[in-house]
Amino acid sequence: MSIKFSSYFDNWLNKNYYKNGVNIGKKGDFYTSVSVGALFGVTLAYHFLNLLKKGEFSPNANIVEIGANDGSMMGDFISGIFTFQPEILKTLKFNIIEPHANLRKIQTQNLKQKFGDEVIINHFLHLKECKFDEAFFISNELFDCFACEVVDGDKMLYVKDDELFWDSADKEILTACKKFEITKGEITTGLSEFAKNLANSARKLKFITFDYGDMGSRSDITLRIYKEHRVFSPFELGNLKEFFGVSDITYDLNFAQVRQEFKDCGFDFKGFKKQSAAIVDFGGAEVLEYVLKNGGDSAYKSFLKQFKFLTSPEFLGERFKMIEFDKGMR
């Protein structure tokens with residue numbers, strides 16, 4: 001029996017690969033900005049504290065991460081708050097949205113080991129459960145985990161017995177592709193539902209996420225598999241059975257689709273930029289300066305190396321992008 005590629009992708013990634021907790025970094029299948037080191041999460045915390053100073057958030061705000069894997073980014077964010085404004089650790093509320101029980105356990109254990117009883121982490125299974133007054137949402141490489149359909153003209157990708165094949169595309173997919181000017185490549189599914197649930201989760205919120213992709217369609221198929229830092233084209237592998245659920249499968253986002261889907265759900269589009277620019281704008285250089293003055297030579301060298309990885313074009317600085325939305329922040 002054949003199925004749409006989106007169903008196959010979701011089974012592969014979200015119902016198998018990620019739910020058990022994956023190693024990210026040198027011992028895993030791929031690197032992320034979080035696996036580079038603590039600077040990424042600390043810089044996001046520094047940015048939040050600047051928003052707090054401007055009065056955009058109160059010390060009672062909710063910090064919410066979606067797609068936390070082992071909890072490293074949330075841990076780094078909390079460390080940033082502890083470093084720069086520790087008195088508000090008692091008033092801020094830290095939350096992770098995590099549907100997988102095994103990952104909730106891993107996140108709880110890791111954050112408990114790091115902070116003991118000083119910080120309480122609240123878990124939610126789904127955005128639909130959240131009813132915050134004010135919330136600062138963060139995520140990294142979230143949307144590339146959303147299932148996608150893959151199209152080429154009027155054809156769409158299907159799977160049978162772990163083998164890919166092309167057949168006629170659904171009318172609704174072709175309509176969506178026309179709306180987002182996609183003639184060849186991936187179209188993300190589930191964005192509209194996510195944006196609606198996010199909008200309903202808080203009276204006032206800011207949502208910041210990082211991922212790879214461009215503002216517009218590349219008119220090409222970017223679908224690929226990462227296994228132990230090697231990259232494979234699923235179209236060249238023939239049968240995908242040996243890779244299914246035990247390796248990462250991903251694609252580049254069309255951020256124009258993300259922007260429009262969010263705007264259709266009432267969000268204000270606030271910005272889109274390369275990760276290198278976002279890290280600088282969010283205060284990465286100021287964090288470096290603080291570490292230089294207060295952390296010693298070894299800590300500074302480590303953070304400087306991380307800064308280069310996060311911002312340099314030859315590493316993660318230009319391939320990854322940041323997109324930001326507000327709701328009710330005026």
Side-chain angles (χ1 to χ4, degrees), residues 21-28 30-52 57 61-86 88-89 92-98 103-104 106-116 118-123 135-142 206-211 275-276 278-292 294-296 298-311 315-317 320 322 324:
V22 299
N23 289 321
I24 298 175
K26 187 175 180 180
K27 296 181 180 180
F30 57 93
Y31 288 97
T32 71
S33 296
V34 178
S35 61
V36 168
L39 178 62
F40 187 74
V42 171
T43 299
L44 285 174
Y46 190 86
H47 177 55
F48 169 78
L49 291 175
N50 281 330
L51 295 174
L52 189 108
F57 286 101
N62 283 272
I63 310 301
V64 191
E65 184 177 2
I66 308 175
N69 193 43
D70 65 358
S72 291
M73 188 165 83
M74 179 62 84
D76 296 337
F77 187 101
I78 295 170
S79 293
I81 300 296
F82 180 81
T83 299
F84 295 109
Q85 201 167 334
I88 65 169
L89 281 176
L92 289 177
K93 303 173 189 69
F94 299 98
N95 311 271
I96 294 176
I97 298 173
E98 180 55 66
L103 286 182
R104 292 196 299 273
I106 291 172
Q107 293 157 10
T108 300
Q109 289 175 340
N110 288 345
L111 292 167
K112 179 84 170 179
Q113 183 177 13
K114 191 168 186 176
F115 302 109
E118 295 298 314
V119 176
I120 296 175
I121 307 295
N122 300 306
H123 273 104
F136 182 73
F137 283 86
I138 53 174
S139 64
N140 183 55
E141 294 193 49
L142 172 67
K206 181 178 286 291
F207 176 83
I208 295 173
T209 192
F210 294 77
D211 227 311
Q275 178 171 288
S276 55
I279 293 297
V280 172
D281 291 348
F282 288 173
E286 287 85 350
V287 173
L288 266 182
E289 185 178 354
Y290 178 89
V291 174
L292 176 62
N294 301 279
S298 178
Y300 176 72
K301 286 181 179 179
S302 174
F303 269 68
L304 180 60
K305 184 177 180 180
Q306 293 173 43
F307 185 84
K308 290 178 178 179
F309 265 92
L310 294 174
T311 59
F315 296 114
L316 303 176
F320 282 81
M322 183 281 301
E324 178 181 1

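In this text the structure is predicted, and so the values were computed from the model without any measurement.
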Could you check whether any side-chain heavy atom of [X] comes within less than 4.5 Å of a side-chain heavy atom of [Y], counting everything from C-beta outward?
{"X": "Phe94", "Y": "Asn122", "result": "no"}
{"X": "Glu141", "Y": "Phe320", "result": "yes"}
{"X": "Ile279", "Y": "Met322", "result": "no"}
{"X": "Leu49", "Y": "Ile81", "result": "yes"}
{"X": "Thr43", "Y": "Phe303", "result": "no"}
{"X": "Val280", "Y": "Phe307", "result": "yes"}
{"X": "Gln306", "Y": "Phe40", "result": "no"}
{"X": "Asn69", "Y": "Leu103", "result": "yes"}

Nearest non-hydrogen partners of [X] and [Y], listed with the distance:
{"X": "Val64", "Y": "Ala135", "result": "CG2-CB, 4.2 Å"}
{"X": "Val34", "Y": "Ser72", "result": "CG1-CB, 3.8 Å"}
{"X": "Arg104", "Y": "Glu98", "result": "NH1-O, 3.0 Å"}
{"X": "Ile66", "Y": "Phe137", "result": "CD1-CD2, 3.9 Å"}
{"X": "Ser33", "Y": "Leu310", "result": "CB-CD2, 3.6 Å"}
{"X": "Ala45", "Y": "Phe77", "result": "CB-O, 3.3 Å"}

From [X] atom [atom1] to [Y] atom [atom2], the distance as rounded to the nearest 0.5 Å:
{"X": "Asn140", "Y": "Leu44", "atom1": "CG", "atom2": "CG", "result": "8.5 Å"}
{"X": "Leu288", "Y": "Lys308", "atom1": "CG", "atom2": "NZ", "result": "10.0 Å"}
{"X": "Asn95", "Y": "His123", "atom1": "CG", "atom2": "NE2", "result": "9.5 Å"}
{"X": "Met73", "Y": "Ile96", "atom1": "CE", "atom2": "CD1", "result": "9.5 Å"}
{"X": "Ile78", "Y": "Lys114", "atom1": "CD1", "atom2": "NZ", "result": "8.0 Å"}
{"X": "Ile121", "Y": "Ile63", "atom1": "CD1", "atom2": "CD1", "result": "10.5 Å"}

Exam field: side chain Asp70 to backbone Gln107, donor-acceptor pair closer than 3.5 Å: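 Looks like no, no N/O pair under 3.5 Å.
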
Phe84 and Tyr290: aromatic ring centres closer than 6.0 Å?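 Yes, the ring of Phe84 comes within the 6.0 Å limit of the ring of Tyr290, centre to centre.
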
Would you confirm whether the ring centroid of Phe48 sits within less than 6.0 angstrom of the ring centroid of Phe136?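 Yes; Phe48 has its ring centre under 6.0 Å from that of Phe136.
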
For atom [atom1] of [X], is the number of surrounding heavy atoms from other residues, nucleotides or ligands below 6.0 Å larger than 12?
{"X": "Leu304", "atom1": "CG", "answer": "yes"}
{"X": "Phe115", "atom1": "CZ", "answer": "yes"}
{"X": "Glu286", "atom1": "CD", "answer": "yes"}

Glu324 vs Lys206, side-chain contact (heavy atoms from CB on, under 4.5 Å): CA-CA, chis, key distance, verdict: CA-CA 7 Å; Glu324 178 181 1; Lys206 181 178 286 291; 2.6 Å; yes

Kindly write out the residues that satisfy side chain to side chain donor-acceptor pair (under 3.5 Å) with Glu289, not counting sequence neighbours, or none if the list is empty.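 Only Lys293 meet the side chain to side chain donor-acceptor pair (under 3.5 Å) criterion with Glu289.
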
Side chain to side chain donor-acceptor pair (under 3.5 Å) involving Asp281 - partner list, sequence neighbours excluded: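 Here the qualifying residues are Lys273.
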
Under 3.5 Å side-chain donor-acceptor pair for Gln275 and Thr311: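 Per modelled atom types, Gln275 and Thr311 side chains form no pair under 3.5 Å.
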
Please name the residue in the list Asn50, Leu51, Ile208 that meets the side-chain contact (heavy atoms from CB on, under 4.5 Å) test with Phe282.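 When side-chain contact (heavy atoms from CB on, under 4.5 Å) is applied between Phe282 and each of Asn50, Leu51, Ile208, only Ile208 qualifies.
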
Using side-chain contact (heavy atoms from CB on, under 4.5 Å) as the criterion, list what pairs up with Thr209, not counting sequence neighbours.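 Only Ser139, Leu142, Phe143, Phe207, Ile323 meet the side-chain contact (heavy atoms from CB on, under 4.5 Å) criterion with Thr209.
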
